[in-house]
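Not measured: the values here are computed from a predicted model. One-based numbering, in listed order, for ligands and for the atoms of each.
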Amino acid sequence: MSRCTKAILYKDNLKYNLEQIRKYVEPETKICVAVKADGYGHNAILTAQLANEVGNIDYFAVATVDEAIELRDAGIKNHIILLSLSIPKEFHDLFEYEITPLVFGKDYIELLSQAADNYFKGDDKKFSVHLAVDTGMGRIGCYSNEAAEQAKLINSSNHLELSGMITHFCVSDSLEEKNQEFTKIQYEDFCKAVESVKAAGINPGICSCGASAALLNNCDMHFDMVRPGIITYGYYPDEITKEYLTSAHKDFNIKPVLALETQVVAIRHFPKGKTISYGRTYECPEDTDIAILPIGYADGLLRRFSPGLEVTINGKKYPVRGRICMDQCMVDIGKDNKDVKVFDKVIVFGPKESGALTTADDLAKLGNTISYEVLTSLTKRIKRIIQ
Ligand SMILES: *Cc1c(COP(=O)(O)O)cnc(C)c1O
């Protein structure tokens with residue numbers, strides 16, 4: 001636990017974000033916090049526990065059965081939705097740990113139903129499932145015109161019960177007109193599916209379609225439940241959403257939670273013309289001093305963040321030079337810099353509270369990706385320290 005390269009989780013910021021989300025949506029709208037990928041790299045258990053402190057948060061969403069079991073083992077009693085499909089080998093654990101799976105497709109529903117018959121034999125227990133509808137994401141789900149039939153199949157089984165319906169938007173993070181138009185088409189298609197299930201005399205249960213982006217941008221599409229992920233951890237799904245909220249004077253604000261830190265472990269003098277790192281992509285244009293940092297791409301500091309990456313040391317930004325290695329990288333602090341000493345703290349990105357001058361969004365831009373990937377790329381080697 002003494003490694004200096006680590007992630008600090010600002011617990012108060014996480015709680016603040018959860019409170020902001022709870023305040024933003026109608027009190028009767030349920031909230032399902034996405035804690036998949038270990039809470040986007042932020043510790044799923046901590047996130048779930050803080051959500052329960054904030055209160056009135058009903059569901060958590062994970063991507064794998066193991067992630068759900070981890071929450072159950074930590075004493076989390078909320079509903080847990082499994083957002084990715086499980087395979088027959090995992091059905092036993094779904095029943096055992098009361099994990100709510102997404103289902104669709106006659107064959108799949110039959111398989112799960114048979115497994116439930118086996119597991120719950122002699123018992124009149126009903127096991128909750130949510131029906132996935134693909135309204136345009138092009139991922140999992142049935143088509144809207146198949147929903148009623150599949151809902152019937154679920155509820156006519158001995159031990160399965162439809163307790164919700166779910167769809168997922170693919171362009172709700174864009175406020176461009178054609179994309180908002182597509183989101184509306186998806187929403188209407190989902191409404192059609194829900195209505196057809198009702199018309200078949202079946203209760204569709206808790207219906208949900210919006211993740212962070214639709215939660216913020218499409219308040220008329222919250223349905224019974226919203227499923228925020230990225231905003232929980234203090235990042236907007238995209239820059240435009242952030243601007244929209246400001247310009248529309250929406251009362252909503254979030255703070256990044258995670259700071260990635262390391263320390264200077266050596267300072268070396270490099271003469272003009274010396275090259276730095278693999279490939280010799282950087283040549284010192286003049287004499288300078290270089291700080292060596294014990295962090296690299298095996299920690300999640302992606303190789304493609306350089307050139308361009310800047311880290312914060314004692315309130316100032318300094319550029320990483322040359323390629324980021326697996327376990328180390330080199331930072332140009334300039335000649336005779338009195339502000340940087342060996343063993344000083346370095347912040348790669350983080351909230352203001354950490355002293356960082358950059359966020360995961362800045363790294364995402366450099367790596368041609370999104371904050372989601374920057375955060376979930378942090379590897380197991382990075383210990384998460386709750387502050
Ligand atoms: C990941 C995920 C979410 C959360 O998405 P964010 O954009 O992080 O809010 C919601 N629903 C589904 C189906 C997801 O896969």
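Looking only at protein heavy atoms, the nearest one to atom 5 (O) of ligand 1 is Ala211 CB, 3.4 Å. The protein non-hydrogen atom at the shortest distance from atom 3 (C) of ligand 1 is Lys36 NZ, 3.7 Å. For atom 11 (N) of ligand 1, the closest heavy atom belonging to the protein is Arg227 NE, 2.9 Å.
Among the atoms of Ala34, none of the N or O lies under 3.5 angstrom from an N or O of ligand 1.
Classification of Lys126 and Glu161 as a salt-bridged pair fails, no side-chain N sitting under 4.0 Å from a carboxylate O. Between Glu353 and Lys11 there is no salt bridge, since none of the side-chain N atoms of the basic residue sits less than 4.0 Å from a carboxylate O of the acidic one.
Cation-pi check for Lys184 over Tyr187 is not met; the charged atom does not lie both under 6.0 angstrom from the ring centroid and within 45 degrees of its normal.
Under a hydrophobic clustering in which Ile, Leu, Val, Met, Phe, Trp and Tyr are joined whenever their side-chain heavy atoms come within less than 4.5 Å, directly or via other members, Leu357 and Ile313 fall into different clusters.
Of all the heavy atoms of Pro228, the ones lying under 4.0 Å from any atom of ligand 1 belong exclusively to the backbone. The proximity of His168 to ligand 1, defined as any non-hydrogen pair under 4.0 Å, is limited to the side chain. When non-hydrogen atoms are compared, ligand 1 lies under 4.0 Å from the side chain of Leu83 (C-beta onward) but not from its backbone.
The closest side-chain donor-acceptor pair between Asp189 and Ser144 falls under 3.5 angstrom.
Pairing each heavy atom of Ile254 with each of Tyr16, the nearest pair is CA-CE2, 4.2 Å. Shown here for Pro294 and Arg3, the closest heavy-atom pair between the two residues is O-NH2, 3.1 Å.
If you look at Phe120 and His159, their ring centroids are closer than 6.0 Å.
Those atoms of ligand 1 that come under 4.0 Å of a heavy atom in Ser212, given as number and element, are 6 (P), 9 (O). Annotation for ligand 1: atoms under 4.0 Å from non-hydrogen atoms of Ile230 are 6 (P), 8 (O), 9 (O).
The heavy atom nearest to atom 4 (C) of ligand 1, considering only Tyr235, Tyr236, Tyr372, Tyr40, is found in Tyr40.
For the pair Arg139 and ligand 1, a heavy-atom separation below 4.0 Å is found.
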